[in-house]
Amino acid sequence: MDADVIVVGAGLAGLVAVGELIDAGRKVLLVDQENSNNIGGQAFWSFGGLFFVDSPEQRRLGIKDSYELALQDWMGTAGFDREIEDRWPRRWAQAYVEFAAGEKHAWLKQRGLKIFPMVNWAERGGYDAAGHGNSVPRFHITWGTGPGLVEIFERKLREGVERGLVTLKHRHRVDELVVTDGAATGVRGAILEPTDAPRGVASSRAVVGDFEFSAGAVIVTSGGIGGNYDLVKKNWPKRMGEPPKHMLSGVPAHVDGRMLEITEKAGGNIVNRDRMWHYTEGITNYDPVWPDHGIRILPGPSSLWLDATGKRLPVPLFPGFDTLGTLEYIVSTGYDHTWFVLDQKIIEKEFGLSGSEQNPDLTGRSLRLLLQRVKSGAPGPVEAFKERGVDFVVRDTLADLVAGMNELTPEAPLDYEQVRSVVEARDREMDNKYTKDLQVAAVRSARAYAPDRVVRIAAPHRILDPKAGPLIAVKLHLLTRKTLGGLETDLSSRVLRSDGSVFDGLFAAGEVAGFGGGGVHGYRSLEGTFLGGCIFSGRAAGRAAAR
């Protein structure tokens, strides 16, 4: 054999699995179709958000969280409703929440994780207590964002290489799983021509050779389908009608989903393939790295959200409350875009941008840069998009703002009088401390959480107040991101066949396995759970394969 275990994919789940195999003294072959610049995969580009329950950071901020509350939120969010396909995802969900409320924090801290002390509140829900959303803030940001998290496990990888336990095979594209007597015993595929392309840039697919490697077990950690819009459209859920005609891409082109079909062809079972997680607040990157590169706005709750026809999105589809519900509504309108309407006061405090490269202070662990967030003015990356981004309109009057919006979308012109009516109606609710407008009420309620009040949510005010100007409109695109379904696995990350039996020698972890079980999130995510799902399932796969 060429190794004890072959790991396909050098993303976060693959790195975690390799780390466990190193600790067990196993010889590992890590195969990836990209060059060494791409170690860490999508995780490197991430904001580094991690879902913890009853963490020290939460307790210091007075947040009362518990396993029971988190599990209630997870199950209400997931909406598991498939007797067969959700059998393992349900078990993975319970196991993962136990992990997040238990050893996850200490386990990662022991390996060098440092967490930014302010806990953010993502996916707030807005329904009843048993419905979708986080009841309390749980989104913990890695100090160093995605690169800081990848660094922890890449360091272990390098240790394994130095000890002679790990061999790296970059530019090796797996095209087939080798199956012997019903068990996975290796991989074969094509050697792609060498490239020094920077991280994330689409690379050549020219073939210069072929390969075949054998091992006692294979772990597939190749990611999802978010960079392959044809697969996104093919798997688009029928419950949401026709797929959008246009979406920006939130992940590099190498996130192509190839290993899903390859593993299925070998005998692995895919479940919940119609479940996916795409963002609704995408903006065109003015300095793109990969094709159709989009950036997600991490919004506070104050911006007015209008659909392409100028109607306000229905309750509780406020910024940051229900991503999937918002996606379903937008698709139902027949348009692929929506609008944020806000002002300078709101953008300064409430606009963040997802991604390591858009947060140089947190990514670079720079206190000097971090202090600039509390000064007047929008953060530098946000201000750069406001000035250079093609989706931003900045004007002094509402009439001029709507005219500018219509220049961006002549195919769907907005009626100025309708937009003025919506904005003025919202502004009238600012004259009292009480209101019937549930978005205004949600803003005031959220400011009871000190970090939101201090650094995240603007004080309630009239959008048309000249002192808060200029006025800003942002054209929002749909943004591909995560695959929520995938290869069905048991709690040891062993891939299952369609009859429920174990596929001997084959394991899967991370997004290719729906972050565990073939869809640990169900229909929706609580956020901060994708990186954690890669870690949890990658750890399980590595430990099981080592055994």
With sequence neighbours left out, write down each residue that passes side chain to side chain contact (heavy atoms under 4.5 Å, CB included) with [X], or none if nothing qualifies.
X: Ile84; answer: Arg87
X: Ser55; answer: Phe52, Glu57, Gln58, His105, His140
X: Val271; answer: Glu85, Asn269, Glu488

Original post:
Which pairs with one or both residues in residues 12-34 pass ring-ring contact (aromatic ring centres under 6.0 Å, His included), sequence neighbours excluded?
Top reply: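 Checked against ring-ring contact (aromatic ring centres under 6.0 Å, His included) - neighbours excluded - no pair reaches residues 12-34.
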Quiz item: Which pairs, with at least one residue in residues 147-166 and sequence neighbours excluded, count as a ring-ring contact (aromatic ring centres under 6.0 Å, His included)?
Solution: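 The answer is none; no pair qualifies.
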Pick out which of Phe99, Phe530, Trp74, Phe139 makes a ring-ring contact (aromatic ring centres under 6.0 Å, His included) with Phe51.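 The option that passes is Trp74.
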Contact summary for [X] and [Y], nearest pair of heavy atoms:
X: Ile347; Y: Lys386; value: CD1-CD, 4.4 Å
X: Glu176; Y: Ile262; value: CA-CG2, 3.9 Å
X: Ala197; Y: Asn37; value: O-ND2, 2.9 Å
X: Pro299; Y: Phe340; value: CB-CE1, 3.8 Å
X: Ser204; Y: Arg171; value: O-NH2, 2.7 Å
X: Ala70; Y: Val97; value: CB-CG1, 3.9 Å

Run the salt bridge (Lys or Arg N to Asp or Glu O under 4.0 Å) test on Arg158 and Glu162 for me, step by step, so that the C-alpha distance in whole Å, both residues' side-chain angles and the decisive distance to 0.1 Å come before the verdict. CA-CA 6 Å; Arg158 300 303 176 191; Glu162 292 173 5; over 6 Å; no
Rounded to the nearest 0.5 Å, what separation is found between the [atom1] atom of [X] and the [atom2] atom of [Y]?
X: Asp175; Y: Lys265; atom1: CG; atom2: NZ; answer: 10.0 Å
X: Thr323; Y: Leu327; atom1: OG1; atom2: CG; answer: 8.5 Å
X: Leu487; Y: Asn272; atom1: CG; atom2: CG; answer: 11.5 Å
X: Ser203; Y: Arg173; atom1: OG; atom2: CZ; answer: 10.5 Å
X: Phe44; Y: Thr145; atom1: CZ; atom2: OG1; answer: 8.0 Å
X: Lys104; Y: Leu50; atom1: NZ; atom2: CG; answer: 5.0 Å

Is a side-chain N or O of [X] found less than 3.5 angstrom from the main chain of [Y], in a donor-acceptor match?
X: Thr363; Y: Ser356; value: yes
X: His172; Y: His170; value: yes
X: His278; Y: Arg481; value: yes
X: Arg188; Y: Ser214; value: no
X: Thr77; Y: His132; value: no
X: Ser46; Y: Ala43; value: yes

Return a table of donor-acceptor pairs under 3.5 angstrom between the side chains of residues 6-25 and protein atoms on other chains or two or more places apart.
| residue | atom | partner | partner atom | Å |
| --- | --- | --- | --- | --- |
| Glu20 | OE1 | Arg543 | NE | 2.9 |
| Asp23 | OD1 | Lys156 | NZ | 2.5 |

Heavy-atom distance under 4.5 Å between the side chains of [X] and [Y], does that happen here?
X: Trp277; Y: His521; value: no
X: Leu353; Y: Ile283; value: yes
X: Thr338; Y: Thr280; value: no
X: Trp290; Y: Trp45; value: yes
X: Phe385; Y: Val474; value: no
X: Val289; Y: Val201; value: yes
X: Phe515; Y: Lys482; value: yes
X: Leu298; Y: Arg296; value: yes

Examine Trp92 together with Phe536 and report whether their ring centres are nearer than 6.0 Å.
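When the ring centroids of Trp92 and Phe536 are compared, they turn out to be within the sub-6.0 Å range.
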Validation: residues 243-256 side-chain donor-acceptor distances under 3.5 Å, sequence neighbours left out:
| residue | atom | partner | partner atom | Å |
| --- | --- | --- | --- | --- |
| Ser249 | OG | Val251 | O | 2.7 |
| Asp256 | OD1 | Arg258 | N | 3.1 |
| Asp256 | OD2 | Gln33 | NE2 | 3.3 |

Any pair with a residue in residues 355-368 that passes salt bridge (Lys or Arg N to Asp or Glu O under 4.0 Å), sequence neighbours left out, goes on the list, sorted by first then second residue, please.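 Counting only pairs at least two positions apart or across chains, the salt bridge (Lys or Arg N to Asp or Glu O under 4.0 Å) contacts touching residues 355-368 are Glu151-Arg365, Asp361-Arg373.
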Could you check whether [Y] and [X], counting side-chain N and O atoms only, form a donor-acceptor pair closer than 3.5 Å?
X: Arg539; Y: Ser537; result: no
X: Asp391; Y: Thr284; result: yes
X: Glu123; Y: Ser525; result: no

Next on the checklist: Working note: Leu484 + Tyr523, criterion side chain to side chain contact (heavy atoms under 4.5 Å, CB included); need CA distance, chi angles, decisive distance, verdict.
Outcome noted: CA-CA 7 Å; Leu484 297 189; Tyr523 289 95; 5.9 Å; no
Mind checking salt bridge (charged side-chain N to carboxylate O under 4.0 Å, His left out) for Asp274 and listing every partner two or more places apart, or none if nothing turns up?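 For Asp274 the salt bridge (charged side-chain N to carboxylate O under 4.0 Å, His left out) partners, ignoring immediate neighbours, are Arg82, Arg239.
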*Stepwise salt bridge (Lys or Arg N to Asp or Glu O under 4.0 Å) test for Arg205 and Glu34*: CA-CA 10 Å; Arg205 290 296 180 260; Glu34 299 304 314; 2.7 Å; yes
Could you check whether atom CD of Glu261 has more than 12 heavy atoms from other residues, nucleotides or ligands sitting under 6.0 Å from it?
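It does not: Glu261 CD has 12 such atoms or fewer within range.
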Exercise answer: donor-acceptor pairs, residues 106-121 side-chain atoms, under 3.5 Å, sequence neighbours excluded:
| residue | atom | partner | partner atom | Å |
| --- | --- | --- | --- | --- |
| Arg111 | NH1 | Trp107 | O | 2.9 |
| Trp121 | NE1 | Asn134 | O | 3.0 |

Using a 6.0 Å distance limit plus a 45 degree cone around the ring axis, check whether Arg90 lies over the aromatic ring of Phe80.
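The answer is no, since Arg90 fails at least one limit relative to Phe80.
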Show me, pair by pair, the donor-acceptor contacts under 3.5 angstrom made by side chains of residues 498-513, not counting sequence neighbours?
| residue | atom | partner | partner atom | Å |
| --- | --- | --- | --- | --- |
| Asp499 | OD1 | Ser501 | N | 2.9 |
| Asp499 | OD1 | Ser501 | OG | 2.6 |
| Glu511 | OE1 | Gln42 | NE2 | 3.2 |
| Glu511 | OE2 | Thr483 | N | 2.7 |
| Glu511 | OE2 | Thr483 | OG1 | 3.2 |

- Query: Can Asp2 and Lys169 be said to form a salt bridge (Lys or Arg N to Asp or Glu O under 4.0 Å), step by step?
  - Reply: CA-CA 12 Å; Asp2 296 292; Lys169 292 292 184 180; over 6 Å; no
For residues 219-232, which residue pairs qualify under side chain to side chain donor-acceptor pair (under 3.5 Å), counting only residues two or more places apart or in two chains?
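Output for this query is empty, none listed.
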